[in-house]
Protein chains: 2
Amino acid sequence: MISDGARTYSISELSRMFEVTPRTIRFYEQEGLLEPQRRGQTRVYHDKDRVRLKLTLRGKRLGFSLAEIREVIELYDALPDGNARQLRRLLELLAEKRTNLQRQEEDIRLMRRELDDVEGRCREALEALPENTEG
Amino acid sequence: MISDGARTYSISELSRMFEVTPRTIRFYEQEGLLEPQRRGQTRVYHDKDRVRLKLTLRGKRLGFSLAEIREVIELYDALPDGNARQLRRLLELLAEKRTNLQRQEEDIRLMRRELDDVEGRCREALEALPENTEG
DNA sequence: CCCAGAGTTGACGTTAACGTAAATCGCCGA
DNA sequence: TCGGCGATTTACGTTAACGTCAACTCTGGG
């Protein structure tokens, strides 16, 4: 499955690429996040699926639920032909996500401050220890 | 409970402040994240608890598990008197969190790009619609 | 004194996101 | 032809993080 042009991937390949289990990948399909082709009963993944998987995992790391991610993906897929309601709904969703990201950035900023603070105190405490013999 | 100096809070007050249920607050206590005083059987929260709760919720928004958050809090609490092993462990933890935050920042950056992209296509699709009669 | 309202305890229920295990299938090389 | 490897299906199990209820208890007000 390494011939070029339109690469395809087996489930175990994808699994290794992203360090998730095949089970996880099948589960995402079941939840409507992936739609691999079949060759017999075996799943065949294309780049589109790989990208979707990447986006899904990124979304997860940012704390989005699979359901949220799926809604975006679905609307996106129906994009060039979607009706006005769908499109507006998508814009709404996007705005929500942006707000979310903004809050997270703020949270990260604050969290960094606290890490700095804690680390400072921690180093002070280490300095103050009598046994500074081991490096 | 509004006398100043050392303010205290009831569980429902905290609950309203942070928009979480009392159940959640009790659960966090059970998980070792809060240690309110008691007045009879009733919990009495001080500013320390309020701060801890705030940190906990922030951690949650950033995708940390309660267990992770607790470990940091515990080590932090034992701070000025902790032994060298504890202190080093805490520094390790802090470094981990930092790495984590960095990855999240990158994820946010990438996610923003995609939102921009999707929004662009979405607006194009809206423009292309025949019925642009409603604003 | 009595009760309404806030708080508590204990226990069981729920949801998301997978893990795990068993049975089956299909293909490929010795 | 057979054995093994990778993939699949089905189904039940698990974990975190609470929700939901029922049955108290306590406390201040009228």
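Here is how names work: the chains are called A, B, and so on, in the same order as the sequence lines, proteins then strands, and each is numbered from 1. Atoms considered below: every heavy atom in the structure, side chains included; atoms not considered: hydrogens, waters and symmetry mates.
Partners of B:D117 under the side chain to side chain contact (heavy atoms under 4.5 Å, CB included) rule, at least two apart in sequence or in another chain, are A:Y76, B:R121. Under the rule for a side chain to side chain contact (heavy atoms under 4.5 Å, CB included), the partners of A:R61 that lie at least two apart in sequence or sit in another chain are A:L57, A:R58, B:R103, B:D107. Under the side chain to side chain donor-acceptor pair (under 3.5 Å) criterion, B:E71 pairs with B:R89, not counting sequence neighbours. With sequence neighbours excluded, the residues forming a side chain to side chain contact (heavy atoms under 4.5 Å, CB included) with B:A67 are B:S65, B:R70, listed by chain and number. Residues forming a side chain to side chain contact (heavy atoms under 4.5 Å, CB included) with A:E105 (at least two apart in sequence, or on another chain): B:I108, B:R112.
Grouping Ile, Leu, Val, Met, Phe, Trp and Tyr residues whose side-chain heavy atoms lie under 4.5 Å apart, directly or via other members, leaves B:L110 alone, with no other cluster members. Using a 4.5 Å cut-off between side-chain heavy atoms of Ile, Leu, Val, Met, Phe, Trp and Tyr, A:V51 falls into a hydrophobic cluster with A:L55.
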If a protein heavy atom is under 4.0 Å from the base, mark B; if only from the sugar-phosphate, S; if neither, -; do that for nucleotides 15-22 of chain C going 5' to 3'.
--BBBB--

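Of the residues in residues 49-57 of chain B, none lies under 4.0 Å from DNA chain C by heavy-atom distance.
Side-chain contact check for B:Y45 versus B:T8: every heavy-atom pair is 4.5 Å or farther apart.
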Anything under 3.5 Å between a protein N or O and an N or O of nucleotides 5-9 of chain C, put it in a table, one pair a line.
| residue | atom | partner | partner atom | Å |
| --- | --- | --- | --- | --- |
| C:dG7 | OP1 | B:S10 | OG | 3.3 |
| C:dG7 | OP1 | B:S12 | OG | 2.8 |
| C:dG7 | OP2 | B:S12 | OG | 3.3 |
| C:dT8 | OP1 | B:R43 | N | 2.7 |
| C:dT8 | OP1 | B:R43 | NE | 3.0 |
| C:dT8 | OP2 | B:R26 | NE | 3.3 |
| C:dT8 | OP2 | B:R26 | NH2 | 3.1 |
| C:dT9 | OP1 | B:R38 | NH1 | 3.0 |
| C:dT9 | OP1 | B:R38 | NH2 | 3.4 |
| C:dT9 | OP2 | B:R43 | NH2 | 2.2 |

Quiz: residues 30-38 of chain A side-chain donor-acceptor pairs under 3.5 angstrom, not counting sequence neighbours:
| residue | atom | partner | partner atom | Å |
| --- | --- | --- | --- | --- |
| A:R38 | NH1 | A:Q41 | O | 2.8 |

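Computed from C1' positions of five pairs at each end, the angle between the two local axes of the helix from C:dC1-D:dG30 to C:dA30-D:dT1 equals 10°, rounded to 10 degrees.
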